[in-house]
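Here is the structure we will look at, set down as structure tokens.
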Amino acid sequence: MSTDNRSGNNFWSRTYHNNNNITKCSAAEIAQTIQNNFNKHILLIYEDLETFREAYARIVQSIFNNSNADEGLILLLPYLESAETAMLYLQENGVDVSSARRTGNLTVIDSVKWFLTSKTDPNRLLEDMISVTKAQNRKGATIIRDLGCFFLGEKVNELIGMEISFPQPTRGVLTTICCIHGGDFERFNAQQKDALIEHHQCVLYVTNAVNIIFEEALAQSLDEAMKVFGKHISDIVIRHIQAEHPNQAELIGGNPSVLSDALNTALDSGSRIVERRILRSLYKKMGMSIPEIDSSNKDFHQKFAEARELFQRTKAQRLKQ
Amino acid sequence: MSGSYHEKVPLIFIVDDDMHYLTSLAKTLARIRAHVKVFIDPAAVLEEMMVSSEVVFLLIADTRMPKMTGFELITAVKKISPLTKTLLISDFEIDRVIHSNNTARPYADGLLSKKLDNIVEFLHKSFSLQQQYREESKL
């Protein structure tokens with residue numbers, strides 16, 4: 001999946017998304033994206049637990065559906081939920097967990113136990129897994145590991161060290177999907193983010209389909225709203241965002257202050273015009289009349305959050321129908 | 001809710017990133033005579049505590065949350081509101097070991113599994129202790 005195709009054809013989408021190191025995709029697209037990056041070291045930043053659940057369920061389903069029995073080996077290391085809850089979720093989503101565990105195709109272990117209480121170096125454990133994969137003549141193995149546990153153990157430096165020293169030889173056999181909640185990713189400092197992004201071959205931000213649609217609607221609205229100021233000003237806004245938030249994982253829609261700050265920097269009081277136009281355009285795209293946005297005392301963030309929530313509710317209902 | 005009633009019932013904050021569990025716990029605690037506020041974001045708890053005119057009697061926090069772990073949250077809460085009792089909840093036995101091994105952080109007043117009955121029992125005990133303390137203070 002390429003970012004360009006997903007992000008539409010308007011100037012804002014093309015410029016903003018193409019200059020970011022992080023590819024945004026929906027949980028529904030994740031299986032195909034992972035298949036395209038088979039045997040790679042992947043960083044997957046997820047928006048929330050529900051999105052992560054959908055993502056790992058789709059990855060597991062796709063591996064089991066696309067390989068003959070005993071060909072694929074999967075190790076799932078959850079953090080924000082128990083191994084039992086993860087297995088239950090997989091079972092509810094069409095994975096025959098009992099059978100997969102019996103044949104050794106699926107193993108689910110709490111990531112805290114795997115990373116924080118094991119006396120063996122986690123990278124050494126990877127090499128052991130490769131040996132098992134080869135010894136059993138399997139096609140390959142996939143590890144889905146949640147790295148959030150390093151915050152619980154207050155071992156963030158160890159996490160960065162582990163990722164930097166990720167063993168090269170494993171890359172031919174293993175697909176290693178290093179997962180982290182977006183809220184935890186934002187806890188890393190700029191150097192740590194850079195190191196993580198640099199030492200993964202593919203970096204994904206996974207959100208739900210509705211938020212991706214919202215982001216596209218926002219990009220179109222921004223494009224329309226900025227037209228009055230021309231391409232030069234639009235460039236300044238984008239450059240400001242990229243300079244101030246070089247590796248921001250969150251979508252702009254999820255963090256409107258980033259956009260608001262950039263608009264203020266570029267346009268000063270003119271930013272209010274763009275903000276109003278964005279809101280009008282968003283409501284228009286929902287096919288709804290605009291609430292009293294000009295006369296209310298709410299600031300842009302609040303009005304934007306309301307528009308986003310309404311958009312999500314409306315779109316989610318339409319997607320269900 | 002009147003002011004006088006409000007003064008008598010304890011204020012309880014609950015924070016958990018799992019919305020389903022949070023809803024179940026809030027429903028269970030609705031049976032208890034307390035003013036319960038729920039949060040999905042640990043940072044929002046701190047913001048609320050900063051501006052709250054009322055002392056939070058008890059904070060119930062999940063150990064494993066994004067943005068801020070339960071351990072980090074209670075450390076911050078103890079600085080803002082030392083009188084607030086703290087209860088960590090977790091489905092993981094290993095979290096208890098991590099909590100007890102970290103001597104640099106303040107300990108929570110309790111660490112329980114996320115079973116709803118356990119939490120209700122803890123609350124009843126806390127309330128009776130609170131009542132006992134009040135009565136002894138009057139003597």
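Scope of the values below: all heavy atoms of this structure, side chains included, with no hydrogens, waters or symmetry mates. Chain naming here is simple, since letters A, B, ... match the order of the sequence lines and numbering starts at 1 in each.
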Rounded to the nearest 0.5 Å, what separates atom CZ in A/R187 from atom OG1 in B/T69?
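These two atoms lie 6.5 Å from each other.
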A/L80 side, atom CG; B/M65 side, atom CE - distance, nearest 0.5 Å
10.0 Å
Residue part contacting chain B, namely of [X], when any heavy atom lies under 4.5 Å:
X: A/I180; value: neither
X: A/S82; value: both
X: A/E50; value: side chain
X: A/D110; value: side chain

Does any heavy atom of chain A fall under 4.5 Å from the side chain of [X], the backbone, both, or neither of them?
X: B/H99; answer: neither
X: B/M68; answer: backbone
X: B/D95; answer: side chain
X: B/D18; answer: side chain

For [X] and [Y], work out which heavy atoms get closest and say how close.
X: A/L152; Y: B/T63; answer: CD1-O, 3.7 Å
X: A/D184; Y: B/K67; answer: OD1-N, 2.9 Å
X: B/F92; Y: A/Y79; answer: CZ-O, 4.1 Å

Tell me, do B/D91 and A/E81 make a side-chain contact under 4.5 Å, heavy atoms counted?
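No, their side chains stay 4.5 Å or more apart.
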Donor-acceptor pairs under 3.5 Å, side chain of residues 86-93 of chain A to any protein atom, not counting sequence neighbours: which ones?
from, atom 1, to, atom 2, distance (Å)
A/Q91, OE1, A/V97, N, 3.1
A/N93, ND2, A/Y89, O, 2.8

Run the numbers on B/R64 and A/V112 for side chain to side chain contact (heavy atoms under 4.5 Å, CB included), then give the verdict.
CA-CA 10 Å; B/R64 299 189 185 188; A/V112 172; 3.2 Å; yes
Is there a salt bridge (charged side-chain N to carboxylate O under 4.0 Å, His left out) between A/K113 and B/E93 once you walk through the steps?
CA-CA 10 Å; A/K113 283 185 185 165; B/E93 190 55 34; over 6 Å; no
